[in-house]
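A, B, ... follow the sequence lines: proteins, then strands. Residue 1 opens every chain.
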2 protein chains.
Amino acid sequence: MMDVLIVEDDALHRSFLNEAVRAALPECGQVIEAENGLKGEVQARTSRVEHVVMDLQMNERNGIEAARTIWRERPDTKILFWSNYSDEAYVRGVARIVPEGATYGYVLKSASEERLKLALRSVFVESQCVIDREVRGIQQKSLGNSPGLTDVEYEILVDVAVGLTDKAIAQRKHLSLRSVQNRLQQLYEKLDVYETPGQGSEGWFNLRTRAVAVALSRKVLNASAIERAERDLRQSRGI
Amino acid sequence: MMDVLIVEDDALHRSFLNEAVRAALPECGQVIEAENGLKGEVQARTSRVEHVVMDLQMNERNGIEAARTIWRERPDTKILFWSNYSDEAYVRGVARIVPEGATYGYVLKSASEERLKLALRSVFVESQCVIDREVRGIQQKSLGNSPGLTDVEYEILVDVAVGLTDKAIAQRKHLSLRSVQNRLQQLYEKLDVYETPGQGSEGWFNLRTRAVAVALSRKVLNASAIERAERDLRQSRGI
DNA sequence: GCAAAATCTGCGGGTTCCCGCAGGACAGGA
DNA sequence: TCCTGTCCTGCGGGAACCCGCAGATTTTGC
């Protein structure tokens with residue numbers, strides 16, 4: 001019997017998902033709903049569900065965090081992410097937590113109902129990973145060498161964004177001060193922080209905060225990624 | 001004849017709104033839909049609509065910007081904002097653009113359908129402003145003296161967040177360098193940037209970027225507020 | 001196995017940031 | 001009128017930042 005857990009905070013979207021699931025998977029059993037990440041985790045644990053479709057960006061605990069704990073407890077859970085955005089920050093966040101060999105999917109809410117149903121079948125019954133074309137693009141970029149950032153650069157960006165000093169970063173990453181600053185320079189370069197549109201526009205920008213601003217507006221970073229990093233930081237220091 | 005314009009990027013929400021509008025305002029005429037802020041502006045202009053219900057946070061042009069241009073052209077337009085969030089950044093953004101004596105509303109998507117319909121009637125036929133309870137709270141905070149920021153502090157926060165240096169801010173705001181730094185200090189204090197959880201945790205944070213991080217996670221700022229500020233900046237310098 | 005490329009590291013410096021101290025301007029109240 | 005509170009301003013200095021230069025170390029490609 002295949003039970004399905006829906007984790008989605010928007011009531012409209014939730015009932016839409018429910019219908020879509022029942023339509024796409026007529027052989028399925030119970031369809032359980034949860035309205036935020038926290039409740040989703042609990043439901044996944046108590047109902048021993050192996051098929052989850054969920055939103056990223058929820059209040060109580062977002063999809064990435066919920067997925068992480070679900071996967072930690074049962075790495076063979078199949079999860080289909082259904083999100084509004086294909087922000088690089090989300091894509092990276094998901095890629096970071098998917099366990100070895102797990103099957104998952106990532107479709108955008110803007111996709112057609114058909115695509116959603118197809119993805120449901122592919123992921124849940126065929127055990128195939130289904131990544132939306134657009135999301136794929138972001139993945140490529142974030143791995144490849146195009147204007148995207150490498151993992152090291154991304155990590156330092158996050159550290160800067162939570163507000164750490166160079167020295168603190170050096171300590172955390174077991175690097176020298178100078179190395180941290182080198183990486184920062186790369187970062188500045190990649191993010192085009194040095195733009196000089198008019199004349200005499202030098203010294204207008206504080207590169208450090210400017211980098212964060214640019215990353216935010218390019219969706220390389222988003223607020224929830226920063227909050228996540230903040231929690232990690234507290235945890236690693238608070239022991 | 002009362003025509004209504006719906007500006008909302010999510011298809012599900014859009015059709016839900018359409019139904020709600022027809023149910024709440026049986027006397028209404030056409031119900032026009034637009035799927036982003038830009039198209040919304042165009043529709044408002046060509047259809048000469050005087051009643052708009054719209055989302056904040058859309059891709060092409062967000063609700064605040066769209067509302068600003070709509071109101072600039074016809075300040076007596078009645079606009080009901082229907083949003084997922086009550087971020088201080090949004091509430092401030094709206095408050096900043098509503099013209100003298102205009103009637104508008106702000107209800108959260110999490111509110112019941114009844115509340116939404118009631119708000120539709122109140123704003124559109126009774127010409128009464130309807131602000132969601134929760135949003136009201138944020139408004140109070142952002143005006144009052146509680147942990148909220150004053151306007152000056154908020155402005156400097158935005159300037160810092162887009163990445164300007166102290167000197168640049170001083171020039172823009174026609175202040176001395178020292179005054180800018182004074183305001184920054186107030187800001188740091190209000191945002192609790194000086195937190196010292198453990199021992200020897202001094203020098204861990206770069207106050208400037210830390211302030212941005214804190215503001216983001218407290219929803220005092222959000223990415224779209226930064227983008228808006230950025231456009232303003234370019235415009236004021238690019239001439 | 002070797003050369004090339006990429007990284008890490010220290011040094012030195014110019015600049016910006018952060019802020020205590022102190023004096024001046026200006027508004028409101030006894 | 002004087003006093004008090006608030007805001008702006010300059011000065012000075014310690015710390016942090018940004019970065020060119022150059023040698024050491026590691027990784028990569030052939």
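No more than 12 heavy-atom neighbours from other residues, nucleotides or ligands sit within 6.0 angstrom of CD on A:Glu134.
Between the CG atom of A:Leu164 and the P atom of D:dA16 there is a distance of 13 Å, rounded to whole Å. Between B:Lys173 atom NZ and D:dT9 atom C1' there is a gap of 18 Å when expressed in whole angstrom units. The nearest whole Å value for the distance from the CZ atom in B:Arg210 to the P atom in C:dC17 is 20 Å. One can place CZ of B:Phe205 at 13 Å from P of D:dC17, the figure rounded to the nearest angstrom. Straight-line distance from the CG atom of A:Leu187 to the C1' atom of D:dC19: 15 Å, rounded to whole Å. The CG atom of A:Leu207 sits 12 Å away from the P atom of D:dC17 (whole-angstrom rounding).
Checking the phosphate oxygens (OP1, OP2) of C:dC19, a side-chain nitrogen or oxygen of B:Tyr194 falls inside 4.0 Å.
A donor-acceptor pair under 3.5 Å is formed between the side chain of B:Asn36 and the backbone N or O of B:Leu38. Not a single donor-acceptor pair under 3.5 Å links the side chain of B:Arg210 to the backbone N or O of A:Leu164. Of the possible donor and acceptor atoms, none in the side chain of B:Asn222 sits under 3.5 Å from a partner among the backbone N and O of B:Ala89. Within the 3.5 Å criterion, the main-chain N or O of A:Ile64 finds a donor-acceptor partner in the side chain of A:Asn62.
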Before giving the answer on side chain to side chain contact (heavy atoms under 4.5 Å, CB included), spell out for A:Leu221 and A:Tyr154 the whole-Å C-alpha distance, their side-chain angles and the decisive distance to 0.1 Å.
-> CA-CA 9 Å; A:Leu221 263 188; A:Tyr154 183 75; 4.3 Å; yes
Quick one: what's the B/S/- string for nucleotides 4-16 of chain C, heavy-atom cutoff under 4.0 Å, read 5' to 3'?
-> ----SBBB----S
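Ring-plane geometry between A:Phe81 and A:Trp71 is classed as perpendicular, the angle between the planes exceeding 60 degrees on a 0 to 90 degree scale with a lower cut at 30.
Between the two ends of the helix from C:dG1-D:dC30 to C:dA30-D:dT1, each summarised by a five-pair axis, the helix axis turns through 40° (rounded to 10 degrees).
Residues that satisfy the side-chain hydrogen bond (donor to acceptor under 3.5 Å, both in side chains) test with B:Asp55, not counting sequence neighbours, are B:Lys109.
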